[in-house]
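Accompanying notes for the structure given below.
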Protein chains: 2
Amino acid sequence: MDEREFLESYDPSEFPPVAVTVDVVALTIRDGALHVLLVERGGPPFAGWQALPGGFVLDETLDAAALRELAEETGLRPGEGALGRVHLEQLRSYGDPGRDARMRVVSVAYLAFAPSLPDPQAGSDARAAAWVPVAGAGELAFDHATILADGLDRARSKLEYTPLATTFVGPEFTIAELRHVYAAVWGEDLHAGNFHRKVLSVPGFVESTGETTTRGGERGGPKARLYRAGDARLLHPALLRPAREENVR
Amino acid sequence: MDEREFLESYDPSEFPPVAVTVDVVALTIRDGALHVLLVERGGPPFAGWQALPGGFVLDETLDAAALRELAEETGLRPGEGALGRVHLEQLRSYGDPGRDARMRVVSVAYLAFAPSLPDPQAGSDARAAAWVPVAGAGELAFDHATILADGLDRARSKLEYTPLATTFVGPEFTIAELRHVYAAVWGEDLHAGNFHRKVLSVPGFVESTGETTTRGGERGGPKARLYRAGDARLLHPALLRPAREENVR
DNA sequence: TTAATAGTGTCTTTCAGACAATATTAT
DNA sequence: ATAATATTGTCTGAAAGACACTATTAA
């Protein structure tokens with residue numbers, strides 16, 4: 001087996017042709033609702049369908065390919081401005097035979113958490129890309145609905161154990177803004193008072209800037225204190241969602 | 001971009017040749033210590049080095065490829081006997097350019113939890129495969145040390161939130177056997193009394209068989225009650241490791 | 001003034017962990 | 001008998017969640 005591997009390595013055309021792509025589940029919060037970045041496919045298969053942004057992996061790491069695709073679709077430059085604060089992590093890979101009718105395609109999916117970004121500019125490389133409310137996303141091309149669902153699961157879970165909710169907001173934020181992130185991702189409202197005390201009690205989750213907002217809420221209320229992300233990488237103790245019966249089975 | 005994708009799809013040789021493989025981090029408990037299945041490489045590169053079992057993905061799902069490789073290396077048949085109780089899940093993918101000097105290789109790594117399996121038979125397809133104590137594993141070929149480390153991290157974490165510790169033991173087991181699984185994977189002893197009460201308090205983790213062991217421990221002690229895995233898919237509340245300061249940073 | 005919101009206080013219940021105690025069994 | 005182990009009991013402190021309360025601000 002090893003010898004065969006070795007010999008085959010000298011003639012790549014011996015392999016069944018496999019393409020490796022990256023697909024990105026990029027999430028952000030807009031108007032209090034969770035949005036995902038989708039592109040409209042120009043050509044077959046699934047022409048005109050919505051799909052996750054993605055493309056072939058070039059001579060680069062998988063992480064770099066994902067970041068490049070995200071930058072291309074948003075029209076932003078990697079590592080610059082708002083894109084510099086994007087959290088990007090590998091989700092999982094999808095490689096069922098037949099998931100792309102043209103040929104065997106193994107896709108490495110990535111999950112991105114972004115603060116509110118400008119609308120993608122229909123430009124050079126950018127196809128018709130847009131932030132779409134997750135709740136209103138229709139059918140997706142290929143197996144992208146599955147990938148999106150897996151990404152949402154991962155995102156919901158990550159908010160429990162990590163401080164990544166802060167990557168959805170600006171560099172300075174209020175506790176209420178953070179709570180709205182949790183509410184949008186988890187799809188359920190959280191008790192303001194308990195959430196407030198909980199966030200401040202977790203070491204390294206947030207740290208105070210000493211400043212407050214310049215004015216209260218739109219419909220009244222006191223000025224809120226501002227915080228920035230702390231140095232914690234994991235939340236101890238975690239912010240657990242209420243246990244649902246579906247999980248136990 | 002989409003047009004180029006479409007056109008390229010008709011001429012696979014246009015792609016830079018990429019090979020897709022699966023590598024399996026198969027873990028089991030032997031003599032109270034965590035072991036990983038390793039093979040000795042026969043040919044270059046890394047001839048004579050130890051490596052994770054793996055190979056090319058054929059016309060099959062990624063999961064099927066991982067199960068096939070595991071079956072080949074252990075000499076067991078997939079879905080049969082002990083292999084039928086193996087837990088197999090995708091870990092993550094590794095695709096840095098240069099991780100294999102011969103060509104671009106993207107590897108989809110899998111994590112397997114197995115009850116104690118017989119020693120692999122050096123047979124037809126099986127190379128020199130063996131269960132090696134994780135603590136005593138030396139350097140590994142390619143980036144397999146990284147993959148193993150990621151697999152161990154995942155395994156340690158999975159024991160916290162899922163009942164997968166039961167996949168390391170037989171269909172019937174004592175609470176003490178389960179505790180030894182946790183001790184071996186986490187690398188720390190657990191308080192017997194507290195662990196016992198905790199396991200029984202989590203709904204669906206284990207269920208009693210009504211039987212007991214036929215004799216006590218080797219060095220004395222009462223007979224222990226026997227349990228089988230329950231129907232829980234997640235542990236609520238979870239069995240958390242003590243929080244370590246390294247996590248917060 | 002009114003309504004909304006930020007932030008704090010309090011109480012109950014659950015749970016983790018330390019520790020003790022008892023019963024059972026191999027040697 | 002002795003030592004080891006299974007199992008249960010008790011206590012303390014941390015933490016989650018329900019709820020109430022005060023202070024502040026926009027309209």
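In the text below, chain A, chain B and the rest are named by the order of the sequence lines, each starting its count at 1. What you are looking at is a predicted structure, and each value in this text was computed from that prediction instead of being measured. The figures that follow rest on heavy atoms only: side chains count, while hydrogens, waters and symmetry mates do not.
- Nucleotide dA21(C) holds its C1' atom 15 Å from the NE2 atom of H196(B), rounded to whole Å.
- Of the candidate nucleotides dA4(D), dG7(C), dT10(C), dA4(D) has the atom lying nearest to any side-chain atom of R219(B).
- Using a 4.5 Å cut-off on side-chain heavy atoms (C-beta onward), I29(A) and L34(A) make contact.
- Using a 4.0 Å heavy-atom distance criterion, G216(B) is classed as a sugar-phosphate-only contact.
- Along DNA chain D, the nucleotide closest to A238(A) and the one closest to I175(B) are compared, and the more 5′ of them pairs with I175(B).
- Taking 4.0 angstrom as the limit, R225(B) places a side-chain polar atom (N or O) nearer than this to OP1 or OP2 of dT8(D).
- Nearer to the 5' terminus of DNA chain C, by closest-nucleotide assignment, is the contact made by L239(B) (compared with the other of L239(B) and G193(B)).
- As a whole-Å value, the separation of L235(B) CG from dC15(C) C1' is 15 Å.
- With hydrogens and angles disregarded, no donor-acceptor distance shorter than 3.5 Å links the side chain of T28(A) to the backbone of H35(A).
- Separating the CZ atom of F195(B) from the P atom of dA18(C) is a distance of 15 Å, rounded to the nearest angstrom.
- Atom pair L178(B):CG and dT5(D):C1' shows a separation of 17 Å (rounding to whole Å applied).
- Listed nucleotides dT5(C), dC19(C), dT8(C) differ in distance to P222(A); the shortest reach to its side chain belongs to dT5(C).
- Straight-line distance from the CG atom of D189(B) to the C1' atom of dA18(C): 16 Å, rounded to whole Å.
- Atom CG of L200(A) and atom P of dG9(C) are 12 Å apart (whole Å).
- Nearest nucleotide to the R197(B) side chain, out of dG17(C), dT7(D), dA23(C): dG17(C).
- Taking every side-chain heavy atom of N194(B) into account, dG9(D) is the closest of dT8(C), dT24(C), dG9(D).
- R179(B) comes within 4.0 angstrom of sugar-phosphate atoms only, judged by non-hydrogen atoms across all strands, and of no base.
- Computed from coordinates, the K223(A) NZ to dT5(C) C1' distance equals 14 Å when rounded to whole Å.
- Counting heavy atoms from C-beta outward, D143(B) and D96(B) have side chains that stay 4.5 Å or more apart.
- Following rounding to the nearest Å, E218(A) (CD) and dA3(C) (C1') show an atom-to-atom distance of 15 Å.
- Nearest to the side chain of A176(B), among dG9(C), dA6(D), dA26(D), sits dA6(D).
- Nearest heavy atom pair, residue V199(B) against residue I175(B), reads CG1-CD1, 3.9 Å.
- Counting non-hydrogen atoms under 4.0 angstrom, G217(B) reaches the backbone sugars and phosphates but no base.
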Chi angles and distances behind the salt bridge (charged side-chain N to carboxylate O under 4.0 Å, His left out) call for K158(A), E89(A): CA-CA 11 Å; K158(A) 276 271 171 172; E89(A) 69 176 47; 3.3 Å; yes
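- Mapping G221(B) and H191(A) onto DNA chain D by nearest heavy atom places G221(B) at the nucleotide closer to the 5' end.
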